Amino acid sequence: MVTPSLYLQGKGAIYYLGQKAFQYGDKAFVIGGATALSVAGERVKKSLSSNGIDIVGWNDSVKECTHVAMNRLIEEGKHAKPHFVIGVGGGRAIDTAKGVAWKLKVPAISVGTQCATNADTSSEVVVYTEDHKYLQTLIAPTNPVLVIEDTEILAKAPVKYMVRGMGDALSCKFEGEAFAKAREKKKDGAVPTMAALALGEACFKSLMEHGLKAVKDMRNGIHSTEVEEIIEAIKLASGMAFENTGCALAHALHNGLMKTGQIKGEHGEIVAYTTIVQMVYEKRPRDEIKQVVSWCDSLGLPMRLKAFGEPSKAALRMAVEHAAEKDMDSKNMPERMKPADILDAIDKVERGI
Ligand SMILES: [Zn+2]
């Protein structure tokens, strides 16, 4: 089981950044997006300087995690010789920082500023093209050593990010369970730990119980226990659940749909939809599916494909063929998938199950 060495969450957690990072050295390379560093940059600087850490590199121009952006920053890093790289922001900035730290052979540290992603805790680096087309997922040899989630900052980010993060986090229980069944059946790799499966379950329970209240509270500027719970469910529970199990149909279909070029939407929104498709495909109990669909509805997570564009029949066929046969996550389903069965599950979701 892989995890960060230290996960620190709470109001004002960012002020512990310097104190906790110091054990890794005293030269920091800070990488983030413009918005994230305008929000959290001063606090990052203060925490580092008060612990005697020099900022030897500072880049606030990350817009996308691309090979070009990472290579440019790796070159900067080779001259600056940092002892660690700190990624500040959402998935794009944090993945870029993890990729740069990996190539510079120094630890990565994550400081989250919004909830759309669980990249902060994970070792995955998701690489895109300049125009935000998915390219590949690389796995860094280690997770970020330190993850700071200052909930004062996260709770003030736009609510839509938390909704998207919940949509993505919804998948981890169902994909993790499929993954575990696949490994038991195929005996072609290690079965996941009980801990990883329990995290997926805990994440799901937290989303169902606290998700709506957390969103409502965030909209009203109330920093409640539910807001804290959901941040943990997204950042820690879903991050470590998915990374220590694997993705399955939900993400394979997401990837297939994106490949058609006829689908537009945020990752978490599409994954919430494809998670329902996976549940229907697996013939899970109707009540369980209905509970999740109505939860998605009340959060405003779209439950119809037309919300993401209207893919042609041929495009949809291409998407399900990719999901069933070509996507690397397809091997994590217990049985070989049939494209026609996925199409059938989509059809049922479209008709309101
Ligand atoms: Zn995802």
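Bear in mind the structure is a predicted one, so any value in this text is a computation, not a measurement.
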With distance as the sole test, does [X] use its side chain to make a donor-acceptor pair with the main-chain N or O of [Y] at under 3.5 Å?
X      : Y      : answer
Thr151 : Glu228 : no
Ser110 : Asp120 : yes
Asp327 : Asp329 : yes
Asp60  : Gly32  : no
His83  : Asp26  : yes
Ser50  : Lys46  : yes
Thr193 : Ala196 : yes
Glu124 : Leu138 : no
Asn71  : His67  : yes
Thr260 : Leu257 : yes

Smallest separation among heavy atoms of [X] and [Y], with atom names:
X      : Y      : answer
Thr121 : Pro4   : O-CG, 3.8 Å
Phe84  : Ala21  : CE2-O, 3.6 Å
Gly77  : Pro82  : O-CD, 3.3 Å
Ser122 : Pro144 : O-CD, 3.2 Å
Leu207 : Ala169 : CD1-C, 3.9 Å
Ala157 : Gln114 : CB-CB, 3.8 Å

Are side-chain N/O atoms of [X] and [Y] paired as donor and acceptor at under 3.5 Å?
X      : Y      : value
Ser224 : Asp217 : yes
His267 : Asp168 : yes
His251 : Glu175 : yes
Asn118 : Glu243 : no

Practice task
Evaluate the criterion side chain to side chain contact (heavy atoms under 4.5 Å, CB included) for residue pair Glu76 and Val100; output intermediate values, then yes/no.
Solution key: CA-CA 10 Å; Glu76 264 183 52; Val100 172; over 6 Å; no

If you define the side chain from C-beta out and look only at heavy atoms, does anything of [X] sit under 4.5 Å from [Y]?
X      : Y      : value
Ile342 : Leu249 : yes
Leu73  : Val62  : yes
Ile289 : Val280 : yes
Ile94  : Thr117 : no
Asn51  : Tyr16  : no
Glu149 : Leu8   : no
Asp95  : Val126 : yes
Cys65  : Met70  : yes

Exercise for the section: Establish, yes or no, whether the cationic atom of Lys290 lies under 6.0 Å from the six-membered ring centre of Trp295 and within 45° of the ring axis. Expected result: no

Point-to-point distance, once rounded to the nearest 0.5 Å, from [atom1] of [X] to [atom2] of [Y]:
X      : Y      : atom1 : atom2 : answer
Ser123 : Asn143 : OG    : CG    : 4.5 Å
Leu170 : Cys203 : CG    : SG    : 8.0 Å
Lys20  : Ser47  : NZ    : OG    : 11.0 Å
His210 : Lys216 : NE2   : NZ    : 15.0 Å
Lys348 : Leu343 : NZ    : CG    : 11.5 Å
Phe204 : Leu199 : CZ    : CG    : 15.5 Å

Can you tell me if [atom1] on [X] sees more than 12 non-hydrogen neighbours from other groups inside 6.0 Å?
X      : atom1 : result
Tyr128 : OH    : yes
Asp287 : CG    : no
Arg183 : CZ    : yes
Lys63  : NZ    : no
Lys45  : NZ    : yes

Between [X] and [Y], is there a shared hydrophobic cluster once you connect ILVMFWY residues whose side-chain heavy atoms come closer than 4.5 Å?
X      : Y      : result
Leu301 : Met208 : yes
Leu305 : Val292 : yes
Leu154 : Val88  : no
Met258 : Ile346 : yes
Leu236 : Ile234 : no

Practice task
For salt bridge (Lys or Arg N to Asp or Glu O under 4.0 Å), just list the numbers for Lys27 and Asp54, CA-CA rounded to whole Å, side-chain angles, deciding distance to a tenth of an Å, and then say yes or no.
Solution key: CA-CA 5 Å; Lys27 289 187 172 60; Asp54 290 331; 5.5 Å; no

Check [Y] with [X], please: is the shortest side-chain N to carboxylate O separation under 4.0 Å?
X      : Y      : value
Arg72  : Glu75  : no
Arg284 : Glu288 : yes
Arg164 : Glu266 : yes

Exercise for the section: Quick one: do Lys264 and Phe308 satisfy side chain to side chain contact (heavy atoms under 4.5 Å, CB included)? Show the steps, please. Expected result: CA-CA 5 Å; Lys264 276 199 171 59; Phe308 308 114; 5.9 Å; no

Practice task
Give the C-alpha distance, both sets of side-chain angles, the deciding distance and a yes or no for salt bridge (Lys or Arg N to Asp or Glu O under 4.0 Å) between Lys11 and Glu152.
Solution key: CA-CA 5 Å; Lys11 287 183 185 173; Glu152 216 145 47; 5.3 Å; no

Handout entry: Intermediate values then yes/no, side chain to side chain contact (heavy atoms under 4.5 Å, CB included), Leu17 and Ile109
Key = CA-CA 9 Å; Leu17 170 65; Ile109 291 173; 3.8 Å; yes

Problem - Verdict with reasoning, Lys173 to Glu177, per salt bridge (Lys or Arg N to Asp or Glu O under 4.0 Å) - result: CA-CA 6 Å; Lys173 166 186 156 74; Glu177 287 175 3; 3.0 Å; yes

Exercise for the section: Please report the C-alpha distance between Met303 and Glu350 in whole Å, then the side-chain angles of each, then the deciding distance to 0.1 Å, and finally whether the side chain to side chain contact (heavy atoms under 4.5 Å, CB included) criterion is met. Expected result: CA-CA 8 Å; Met303 287 292 105; Glu350 292 297 307; over 6 Å; no

